[in-house]
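From a predicted model like this one, the values you see are computed outputs, not experimental measurements.
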Amino acid sequence: MKYHQIDRQLFIKNRSKFTAQMKPKSVAVFNSNDIYPVSADSTLPFAQHRDIFYLSGVDQEESILLLFPDAPYENQREMLFLKETSEHIAIWEGEKLTKDRAFEVSGIKTVHWLQDFEKVLFEMMTHCDTIYINTNEHYRASVETETREARFVKWWKEKYPAHAVAKSNPILQRIRSVKETEELDLIQNACDITEKGFRRLLSFVKPNVTEYEIEAELIHEFVRNRSKGFAYTPIIASGNNANVLHYIENNQQCKAGDLVLLDVAAEYANYSSDMTRMIPVSGKFTERQKAVYNAVLRVKNEATKMLTPGTFWKQYQFEVGKIMTSELLDLGLIDKADVQNENPDWPAYKKYFMHGTSHHMGLDTHDYGILTEPMKANMVFTVEPGIYIPAEGFGIRLEDNLVVQETGDPFNLMRNIPIEVEEIESLMNS
């Protein structure tokens, strides 16, 4: 891995939080992701399943974590199963985790080779009543590929039909949404790498540069700072492309007078950052662009203040909608009649701001968290309002990453990334 080794105490704490919520006499199993084929002998780069990483720190394919807090012997309460390494594998693929190295990474003392998994699991199943399976129940999930986890669940149900089934995901949704200090430091590192990439662009963007050249500058800066690269598919949208919310072609030329929307961010150690900024291609915003930009910035700043413990996402979004409505009235994009006659299920402001203001962030860009439950301290949220005006040829979105605090305003992990119009213009023209 490119990143520095994470202190295993983080994963020890995470496992402790998970097992504390397991039913008596139960086992939980977590599988790594597959390496997905492209065609011929080509594969996509491996990306670890975030749940097994969160609980063990193991960042390697063909790995399994088994937790059994009520096991009859202490050495059976936490177990890792890894693909056995060899001299051949070391030559062709590079070194894999040894048993000793796996302990250093995870803090788990009992490490088996993968070929022993079914035998060990059988022994554990004779002592337990319930197994926790790890299905993906994120509110944005749309899974069409059969995962390694799904294949395990199918095999297990056939092999052990008499055992009760429980779900890992509700536990993980709650504990993963509240970050440990070490996790906040990792997310901060991802945000700091993102800042370096953004600052690199301020002297690079000029009329006629292409969106993909901007993408190239960013990936250069991210990788040279120990990131694997983008935390998500980058959106580099100049001109009217910014009005396509998930524009990812990144193949157009940036024209003088246009704005470039940059929804781009680095990952670090599998943790995400998530930034959106706007750059004027010619180094200066027009008066109209500036007016809309500052309206979005005001909405972002006011929305940020509402990220406090006890806040519910639905009410938060409703309040942000009222602030946005006021700004759109001032900009002349809607009028009082639009507001008076609006459909409560699709308010007038939604014509220009049609997406949510915030989402949880962490190991996943759209991280675990239950939106029907109140916000808590040490949750990390994006704040990303936008105004999209196809008729005027531009759209504006601004986004920071915030940590909810016990008291006071949330802490901005992107506090050092330029966002004010004057600072961006000054840096681009210096």
Side-chain angles (χ1 to χ4, degrees), residues 1-19 22 27-36 43-69 71 75-86 89-90 93-118 120-121 124 132-134 136 147-153 168-169 171-172 175-176 179-180 182-183 185-187 190 226-228 267-272 362-364 367-368:
M1 297 300 109
K2 295 182 176 73
Y3 57 85
H4 295 290
Q5 183 172 324
I6 301 167
D7 188 334
R8 66 191 181 204
Q9 289 302 316
L10 171 62
F11 309 115
I12 292 170
K13 283 190 287 187
N14 290 346
R15 290 195 297 276
S16 178
K17 286 186 289 187
F18 184 88
T19 56
M22 290 174 66
V27 163
V29 177
F30 301 89
N31 285 273
S32 61
N33 276 334
D34 284 320
I35 297 177
Y36 290 99
T43 60
L44 296 173
F46 175 68
Q48 182 59 295
H49 195 297
R50 299 305 191 241
D51 292 335
I52 191 173
F53 182 82
Y54 175 80
L55 294 166
S56 72
V58 170
D59 204 351
Q60 182 174 297
E61 72 281 4
E62 295 186 64
S63 304
I64 300 175
L65 170 66
L66 187 151
L67 301 175
F68 187 7
N75 67 349
Q76 297 171 326
R77 293 171 190 170
E78 298 181 334
M79 290 185 276
L80 274 174
F81 298 83
L82 305 174
K83 179 180 179 180
E84 185 172 4
T85 191
S86 66
I89 290 172
E93 300 177 26
E95 291 185 3
K96 303 294 182 182
L97 288 173
T98 63
K99 292 182 179 183
D100 288 342
R101 183 79 180 107
F103 168 68
E104 290 175 16
V105 168
S106 67
I108 295 173
K109 295 176 182 177
T110 305
V111 182
H112 298 281
W113 297 130
L114 194 59
Q115 59 261 31
D116 296 325
F117 174 71
E118 290 188 27
V120 175
L121 180 65
M124 297 305 100
Y132 279 81
I133 59 174
N134 193 31
N136 185 351
T147 63
R148 190 179 187 87
E149 201 80 73
R151 292 197 304 275
F152 167 76
V153 170
S168 296
N169 193 260
I171 299 175
L172 289 165
I175 65 174
R176 269 186 53 181
K179 273 49 179 181
E180 294 288 338
E182 298 95 324
E183 293 182 283
D185 290 342
L186 292 166
I187 298 170
R226 291 184 175 270
S227 169
K228 281 187 293 189
E267 71 81 54
Y268 179 77
N270 292 315
Y271 282 85
S272 294
L363 275 169
D364 289 297
D367 204 27
Y368 283 2

Check: Within the distance-only criterion (no hydrogens, no angle test), does the side chain of Thr110 pair as donor or acceptor with the backbone N or O of Asn75 below 3.5 angstrom?
Finding: yes
(message) Taking Ser168's backbone N and O only, do any of them form a donor-acceptor pair with Asn134's side chain (distance below 3.5 Å, no angle check)?
(response) no
Correct closest heavy-atom pair for Glu183 and Tyr271 would be OE2-OH, 2.7 Å
Correct closest heavy-atom pair for Ala269 and Ile6 would be CB-CD1, 3.9 Å
What one should report as the nearest heavy-atom pair of Lys109 and Phe103 is CG-CE1, 3.6 Å
- request: Using modelled atom types only, decide if a donor and an acceptor are shared between the side chain of Arg148 and the backbone of Asn33 within a distance under 3.5 Å.
  value: no
When you measure from the side chain of Ser32 to the backbone of Gln48, do you find a donor-acceptor pair of N or O atoms at a distance under 3.5 Å?
no
key: ring pair (Phe, Tyr, Trp, His ring centres under 6.0 Å) assessment of Phe30 paired with Phe18   = CA-CA 12 Å; Phe30 301 89; Phe18 184 88; 5.3 Å; yes
Using only atom types and a distance under 3.5 Å, with no angle test, would you say the side chain of Gln76 pairs donor to acceptor with the backbone of Phe68? no
Can you tell me if Glu95 has over 12 outside heavy atoms packed within less than 6.0 Å of its CD?
no
With Arg176 as partner, the option from Asn14, Asp364, Asn169 fulfilling side-chain hydrogen bond (donor to acceptor under 3.5 Å, both in side chains) is Asp364
Value for CG (Leu80) from CG (Leu55), rounded to nearest 0.5 Å, stands at 10.5 Å
inquiry  = Checking side-chain polar atoms at under 3.5 Å, does Glu149 have a donor or acceptor matched by the opposite partner on Asn31?
reply    = yes
> Does some side-chain heavy atom of Asp34 sit less than 4.5 Å from a side-chain heavy atom of Arg151?
Replying inline: yes
Scanning both residues in full, the closest heavy-atom pair of Ile12 with Gly107 reads CD1-CA, 4.2 Å
Practice prompt. Could you go through the side-chain contact (heavy atoms from CB on, under 4.5 Å) check for Val58 and Phe11 one step at a time?
Written response: CA-CA 10 Å; Val58 170; Phe11 309 115; over 6 Å; no
Distance col, row Arg8:CZ vs Arg15:CZ, nearest 0.5 angstrom, shows 10.0 Å
Rounding to 0.5 Å, atoms CD (Glu84) and NZ (Lys99) come to a distance of 7.5 Å
| message | Under a 4.0 Å threshold between the charged nitrogen and the carboxylate oxygen, would Glu61 count as salt-bridged to Lys96? | response | yes
Heavy-atom nearest pair, Val111 first then Ala102, reads CG2-CB, 4.1 Å
Closest non-hydrogen contact found for Met1 with Asp59 is SD-OD2, 3.1 Å
Practice task
Could you tell me whether Asp367 and Arg50 make a salt bridge, using a distance below 4.0 angstrom between a side-chain N and a carboxylate O?
Solution key: no
One should read off an interatomic distance between Met79 CE and Leu121 CG, to the nearest 0.5 angstrom, of 8.5 Å
Could you label the plane-to-plane angle of the Phe81 and His112 rings as parallel, tilted or perpendicular, counting under 30° as parallel and over 60° as perpendicular?
parallel
Handout entry: NZ/NE/NH1/NH2 to OD/OE distance under 4.0 Å, Lys13 and Glu182
Key = yes
| message | Checking the side chain of Ser106 only, and the main-chain atoms of Gly57 only, is there a donor and an acceptor separated by less than 3.5 Å? | response | no
**Study point:** Verdict with reasoning, Tyr36 to Thr147, per side-chain contact (heavy atoms from CB on, under 4.5 Å)
**Key:** CA-CA 10 Å; Tyr36 290 99; Thr147 63; 3.9 Å; yes
Mind running side-chain contact (heavy atoms from CB on, under 4.5 Å) on Ile64 and Phe152 for me, showing each step along the way? CA-CA 10 Å; Ile64 300 175; Phe152 167 76; 5.9 Å; no
Value for CG (Asn270) from OH (Tyr54), rounded to nearest 0.5 Å, stands at 14.0 Å
Review point. So do the side chains of Tyr132 and Leu67 get within less than 4.5 Å of each other, counting heavy atoms only?
Key: no
Between the CH2 atom in Trp113 and the OG1 atom in Thr85, the distance rounded to the nearest 0.5 Å is 6.5 Å
Quiz item: Any side-chain heavy-atom pair from Pro69 and Arg77 closer than 4.5 angstrom?
Solution: no
